[in-house]
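Contents: one structure, followed by commentary.
The sequence lines fix the lettering, A, B, ..., with proteins before strands; numbering per chain opens at 1.
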There are 2 protein chains.
Amino acid sequence: MMLGIHSIMDAMVQTALRSGVALFEGLSDQGLEEAVALARRGKCARGETLFEQGKPAVAFHLIIAGRLKVSKDTVDGQQIIIRYLGAHEIAGCIAVCGGMPYPATAVAMEDTWLLTWDRTRLAQLAERYPVIGMNAMRIMGGRMMELQSRLTEMQTERVERRIAHTLSRLVVQAGRRTADGIEIDFPITRQDLAEMSGTTLHTVSRTLSEWEQAGIVTSGRQKVVILNPHALITIAEDLPRDGG
Amino acid sequence: MMLGIHSIMDAMVQTALRSGVALFEGLSDQGLEEAVALARRGKCARGETLFEQGKPAVAFHLIIAGRLKVSKDTVDGQQIIIRYLGAHEIAGCIAVCGGMPYPATAVAMEDTWLLTWDRTRLAQLAERYPVIGMNAMRIMGGRMMELQSRLTEMQTERVERRIAHTLSRLVVQAGRRTADGIEIDFPITRQDLAEMSGTTLHTVSRTLSEWEQAGIVTSGRQKVVILNPHALITIAEDLPRDGG
DNA sequence: CGGAGTTTTGAAGGACGTCAACATCTGTGG
DNA sequence: CCACAGATGTTGACGTCCTTCAAAACTCCG
């Protein structure tokens with residue numbers, strides 16, 4: 001039996017919503033139905049831009065499946081990666097709440113399916129079901145704490161620690177257990193790690209090489225596997241190391 | 001005629017609420033009354049701690065008058081300043097929304113008067129008057145954008161630019177026009193500026209000395225006056241300078 | 001006037017960016 | 001299947017921005 005794109009999407013949506021979307025936690029079945037009914041379904045193909053820094057923020061997204069990279073460009077052509085977003089996470093919330101332009105750009109790393117609400121619809125929804133607003137705030141609070149932590153790291157830590165922290169966060173957000181260790185679940189370059197850690201790809205490369213020597217990680221082209229998470233934390237938290 | 005502390009406070013609250021508190025923008029008079037009725041009035045004397053990093057977040061504050069310093073300590077005893085908060089701004093919102101511990105510490109720089117709601121009361125209020133929740137989100141969105149910008153700066157800019165950005169932000173948030181120029185409206189040390197810019201007090205001192213030579217600022221003990229805001233922006237945005 | 005807190009300035013050293021060259025891998029098209 | 005271009009990763013050498021260390025001057029307050 002052939003299924004149309006919408007049927008497949010519907011199935012994904014149902015699965016997704018049942019498996020713990022933080023935004024809808026504690027929402028009644030009725031509320032959930034209404035939310036989905038008000039949403040637009042969309043797909044963002046790999047490499048496509050979902051929203052762009054500086055453009056007026058009109059929409060808010062829930063990722064059903066796939067992955068986005070949220071990054072910010074500077075006037076002089078540099079780029080930093082704010083974060084990656086995976087299934088069940090929300091995108092574009094900051095701007096939509098504030099009625100400001102998007103502060104960053106979101107690009108699909110792989111084909112990504114989304115539920116999308118525009119500003120007014122979301123406001124309606126949040127008014128009818130206050131728990132959605134509360135959840136959104138809790139999510140924003142979490143993101144904010146992460147930003148504060150990263151800012152603190154950037155101001156007080158040396159590069160090696162920062163890279164260790166970056167990798168630790170990636171383990172939590174996108175780690176996948178394998179036979180060898182924990183692998184970051186999407187292709188990631190040295191340049192990407194550099195843009196997350198506030199350094200250059202050269203320094204990341206050197207650091208990973210050292211860590212590979214020490215048996216802490218294995219890394220290859222667009223791939224990082226953490227063999228010894230404990231050692232990574234030891235570096236990130238600047239604890240005394242063995243064999244020093 | 002003698003006025004009790006509460007009368008004085010009441011007068012301040014009334015004045016404050018009429019002069020543009022972003023949190024209550026668009027709220028009905030009734031809603032405002034109710035909000036104030038549900039609030040606890042409090043004072044935080046200069047030097048006192050309003051809330052502390054790591055402690056459970058129970059309360060949410062609106063500053064009626066005074067100033068707070070919000071900072072974050074690292075495990076190894078370093079400190080960074082997240083931001084200063086002045087009259088009409090809110091404090092403790094992140095943690096309260098998320099039900100997490102406070103991610104930072106707030107200390108009164110001067111005697112500070114506050115309206116305080118605890119978690120449950122605020123939730124009640126936001127449910128009855130959704131516009132409050134919306135406003136809170138808009139404010140959080142703004143804070144988040146600021147954090148993202150600072151993170152970007154920290155990752156891509158040299159110290160001089162970062163210090164210039166820090167000062168620019170202070171001008172907007174706490175600048176006061178004087179005969180000479182724009183003065184930062186509270187005592188601020190080189191150490192403070194360093195903790196906001198991600199550098200050391202030595203570098204801040206050297207940089208301010210250079211700027212003083214160039215006629216961009218005047219600075220003294222715990223004091224900074226911007227004589228030439230345009231030049232400061234020129235440095236912050238790395239535009240081509242005259243006389244180079 | 002003494003002492004604590006703040007600021008200034010110099011000198012030295014190092015962490016890390018920059019520059020450069022090369023190696024390796026992937027995908028594409030002949 | 002191979003050649004080739006483009007993207008990605010590695011490593012060395014060098015320079016420099018900025019921290020660190022050190023000492024002294026200044027300011028405020030009791």
Report task. Tell me, please, which residues at least two apart from A:T189 pass side-chain hydrogen bond (donor to acceptor under 3.5 Å, both in side chains). Result -> A:D192
Requested in this report: Using the side chain to side chain donor-acceptor pair (under 3.5 Å) rule, take B:T203 and B:T200 through it: C-alpha gap first, then chi angles, then the decisive distance, then the call.
Outcome: CA-CA 5 Å; B:T203 301; B:T200 63; 3.2 Å; yes
Query raised in the report: So do B:E237 and B:H165 actually touch side chain to side chain, heavy atoms under 4.5 Å?
Result: yes
**Report entry** Any B:F60 side-chain heavy atom under 4.5 Å of B:T116 side chain
**Finding:** no
Query raised in the report: Does the side chain of B:T74 come under 3.5 Å of the side chain of B:Q79 through a donor N or O and an acceptor N or O?
Result: no
Query raised in the report: Going by the salt bridge (charged side-chain N to carboxylate O under 4.0 Å, His left out) test, which pairs reach into residues 45-58 of chain B, not counting sequence neighbours?
Result: B:E52-B:K55
Query raised in the report: Using 30° and 60° as the class limits, which term best fits the ring planes of A:F186 and A:Y84: parallel, tilted or perpendicular?
Result: tilted
Query raised in the report: Listed by chain and number, what are the side-chain hydrogen bond (donor to acceptor under 3.5 Å, both in side chains) partners of A:S197, not counting sequence neighbours?
Result: A:T166
Requested in this report: Compare all side-chain heavy atoms of B:L115 with those of B:R41 and state whether any distance is below 4.5 angstrom.
Outcome: yes
Requested in this report: Would you indicate whether the side-chain heavy atoms of B:R143 and B:I139 approach each other to under 4.5 Å?
Outcome: yes
Requested in this report: Report yes or no: does A:R150 contribute a side-chain atom to a donor-acceptor pair with the main-chain N or O of A:I82 at less than 3.5 Å?
Outcome: yes
Report task. Using a cut-off of strictly less than 4.0 Å between a heavy atom of the residue and any atom of DNA chain C, enumerate the qualifying residues of residues 67-84 of chain B by number. Result -> none
Query - Interface residues of residues 147-162 of chain A with DNA chain C (non-hydrogen, below 4.0 angstrom) - result: A:R158, A:V159
Query raised in the report: With sequence neighbours excluded, what pairs up with A:R158 under the salt bridge (Lys or Arg N to Asp or Glu O under 4.0 Å) test?
Result: none
Requested in this report: Describe, as an angle rounded to 10 degrees, how the axis at the first end of the helix from C:dC1-D:dG30 to C:dG30-D:dC1 is tilted relative to the axis at the last end, five pairs per end.
Outcome: 30°
Query raised in the report: Do B:I81 and B:K69 come within less than 4.5 Å of each other through their side chains, counting heavy atoms only?
Result: yes
**Report entry** Residues within residues 199-211 of chain A bordering DNA chain C, heavy-atom distance below 4.0 Å
**Finding:** A:T199, A:T200, A:H202, A:T203, A:R206
Query raised in the report: Has the side chain of A:K72 got a donor or acceptor atom that lies under 3.5 Å from a matching backbone atom of B:S149?
Result: no
Query raised in the report: Partners of A:D180 by side-chain hydrogen bond (donor to acceptor under 3.5 Å, both in side chains), sequence neighbours excluded?
Result: none
Query - Residues in side chain to side chain contact (heavy atoms under 4.5 Å, CB included) contact with A:P101, at least two apart in sequence or another chain - result: none
Query - B/S/- contact track for nucleotides 23-29 of chain C, protein heavy atom under 4.0 Å - result: --BS---
Report task. Answer yes or no: is there a side-chain heavy-atom contact under 4.5 Å between B:R162 and B:M154? Result -> yes
Report task. Find the distance A:R190:CZ to C:dC16:P and express it as a whole number of Å. Result -> 18 Å
Report summary line: At a 4.0 Å cut-off to heavy atoms of chain B, the contacted part of DNA chain D spans D:dC17 to D:dC28
